[in-house]
**Student:** 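Sharing a structure here in structure tokens format.
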Amino acid sequence: MTTPQSSSNDQTRFSFEFFPAKTEVGEEKLREVHRQLALLNPDFFSVTYGAGGSTRDGTRSAVEAIHKAGSNVAPHLSFGGSSEAEIIALLNDYKAMGISRLVALRGDIPSGTGATSSYYYANELVEFVRRHTGDHFHIEVACYPEIHPKSDSYESDLHFFKKKVDAGANGAITQYFYNADAYFYYVERCQDLGIAIPIVPGIMPITNYANLARFSSNCGADIPRWVRQRLQGYGDDADSIREFGIEVVSQLCDALLDGGAPGLHFYTMNQSGPVSAIWHNLGLSAR
Ligand code: FAD
């Protein structure tokens, strides 16, 4: 594609999300991916957290490694099945480490647990963090321009998003989407409700159709029909999928920045290649 002139400025905020590695080989790969993406000078990295505490130690150690390597990093956090004392201990641990940003979530409830009582809604977690750590953390929360898959309605999802903001969230990162209009429409509805925090689009690079289709049906992200048709048509041709994916997602990012989005948060899936290519297409290399 031709290189668009990205409309980013000094205030535009860029971040890259990782998930904790489960093996030593994965950890080594993550260190290398972090090293490469750190060269792009993002504002911060973030590391996901398995609800139910399944990745609590993995998240903590990945956060520590990224922090020690000199990058700003935000752990994702949710109550999951943890006790209040465990979450307070983790918050204090992060504070002592020098971490000052969190992504606060309810988290996805692992299937088959049958338990929901200890799965605090994200607004309750934000209130909890504020109660126990005051203003120490800059708190990001999640939001859903195409609406959370379990929401009763568009209005109720907006209502619950506002509760997270009222509880003290400083910023929001969206679920990924491929339709820029859904984002802009959502931002306007949020503004109508008096929500004034930055709402940063979450960007999912496209590298594999089967995985993308599975994730998207779970999280309620719409893959436009023309994108789906094109990806399906490439079959096993990974190079064409990658090339098309980079082009489509670069154009999406460009439209978002052009339309005034306050930044971009990339779901890197622990890969540096697609994000670096999109970054280059956006003309952000000199940032
Ligand atoms: P909430 O804001 O609590 O909302 C959950 C659902 O409940 C919504 O349908 C909402 O409308 C409704 N709701 C909210 N509050 C109330 C209330 N008080 N009463 C009744 N209904 C309510 N998952 C992970 O497991 N680990 C991660 O690290 C992770 N990182 C993510 C990062 C981002 C940027 C995003 C967008 C998602 C992430 N997720 C992660 C997925 C997320 O945990 C799921 O989408 C989860 O189902 C909802 O989390 P939430 O924080 O948005 O929940």
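Both ligands and their constituent atoms are indexed starting at 1 by order of listing. Numbers here simply count residues along the sequence, with the first being 1.
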**Student:** Got an N/O contact under 3.5 Å between Asp157 and ligand 1?
**Tutor:** yes
**Student:** At under 4.0 Å between heavy atoms, which part of Asn123 makes contact with ligand 1: side chain, backbone, both or neither?
**Tutor:** side chain
**Student:** Ignoring hydrogens and geometry beyond distance, is a side-chain donor-acceptor pair present between Ser100 and His138 at under 3.5 Å?
**Tutor:** no
**Student:** Which ligand 1 atoms, with their elements, are less than 4.0 angstrom from a heavy-atom of Tyr49?
**Tutor:**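 Within the 4.0 Å cut-off of Tyr49, ligand 1 contributes 24 (C), 25 (O), 26 (N), 27 (C), 28 (O).
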**Student:** Can you find an N or O of Arg106 that's nearer than 3.5 Å to an N or O of ligand 1?
**Tutor:** yes
**Student:** Angle class for the Phe16/Trp279 ring planes (parallel below 30°, perpendicular above 60°, tilted otherwise)?
**Tutor:** perpendicular
**Student:** Taking atom CD as the centre, does Gln232 end up with more than 12 heavy-atom neighbours from other residues, nucleotides or ligands that are less than 6.0 angstrom away?
**Tutor:**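 Yes, CD of Gln232 has more than 12 neighbouring heavy atoms, counting only those of other groups under 6.0 Å.
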**Student:** According to the side-chain hydrogen bond (donor to acceptor under 3.5 Å, both in side chains) rule, which pairs have a member within residues 174-183, sequence neighbours left out?
**Tutor:**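 Listed once each, the pairs are Tyr176-Ser216.
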**Student:** Using distance alone, decide if ligand 1 has a nitrogen or oxygen within less than 3.5 Å of any nitrogen or oxygen in Lys150.
**Tutor:** no
**Student:** Just jot down the ligand 1 atoms closer than 4.0 angstrom to any heavy atom of Ala122, in number order.
**Tutor:** 1 (P), 2 (O), 3 (O), 51 (O)
**Student:** Any N or O of His76 that comes nearer than 3.5 Å to an N or O of ligand 1?
**Tutor:**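 His76 vs ligand 1: N/O contact under 3.5 Å present.
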**Student:** Taking the side chain as every heavy atom from C-beta outward, state whether Thr207 and Gln271 have any atom pair closer than 4.5 Å.
**Tutor:** yes
**Student:** I'd like to check whether Gly107 has a polar contact with ligand 1, where a contact means an N/O of the residue lying under 3.5 Å from an N/O of the ligand.
**Tutor:**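 Yes.
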**Student:** Between Lys164 and ligand 1, find which residue part has any heavy-atom pair under 4.0 Å and reply side chain, backbone, both or neither.
**Tutor:**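 Near ligand 1, Lys164 shows its side chain, while the N, CA, C and O stay back.
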**Student:** Check whether any side-chain heavy atom of Phe79 sits under 4.5 Å from a side-chain heavy atom of Ile87, and report yes or no.
**Tutor:** yes
**Student:** As a check for students: among Tyr120, Phe160, Tyr267, Tyr144, identify the option with a heavy atom nearest to atom 49 (O) of ligand 1.
**Tutor:**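 Ranked by closest heavy atom to atom 49 (O) of ligand 1, first place is Tyr144.
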**Student:** Need the ligand 1 atom indices (1-based, order shown) with element for anything under 4.0 Å from a heavy-atom of Gln175.
**Tutor:** 36 (C)
**Student:** Is Lys163 close to ligand 1, meaning an N/O of one under 3.5 Å from an N/O of the other?
**Tutor:**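 N/O-N/O distance below 3.5 Å does not exist for this pair.
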**Student:** Can you tell which of Val141, Thr48, Leu105 gets a heavy atom nearest to atom 29 (C) of ligand 1?
**Tutor:** Leu105
**Student:** Within ligand 1, which atoms have a heavy atom of Ala142 less than 4.0 Å away?
**Tutor:**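 That gives atoms 35 (C), 36 (C), 52 (O) of ligand 1.
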**Student:** Could you check whether any side-chain heavy atom of Pro262 comes within less than 4.5 Å of a side-chain heavy atom of Gln11, counting everything from C-beta outward?
**Tutor:**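 A side-chain contact under 4.5 Å is absent here.
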**Student:** Side-chain contact test, heavy atoms from C-beta onward, threshold under 4.5 Å: evaluate it for Pro75 versus Arg60 and give yes or no.
**Tutor:**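 SC-SC contact between Pro75 and Arg60 ruled out.
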**Student:** What I'd like to find out is whether the side chain of Tyr121 reaches to under 4.5 Å of the side chain of Lys164, using heavy atoms alone.
**Tutor:** no
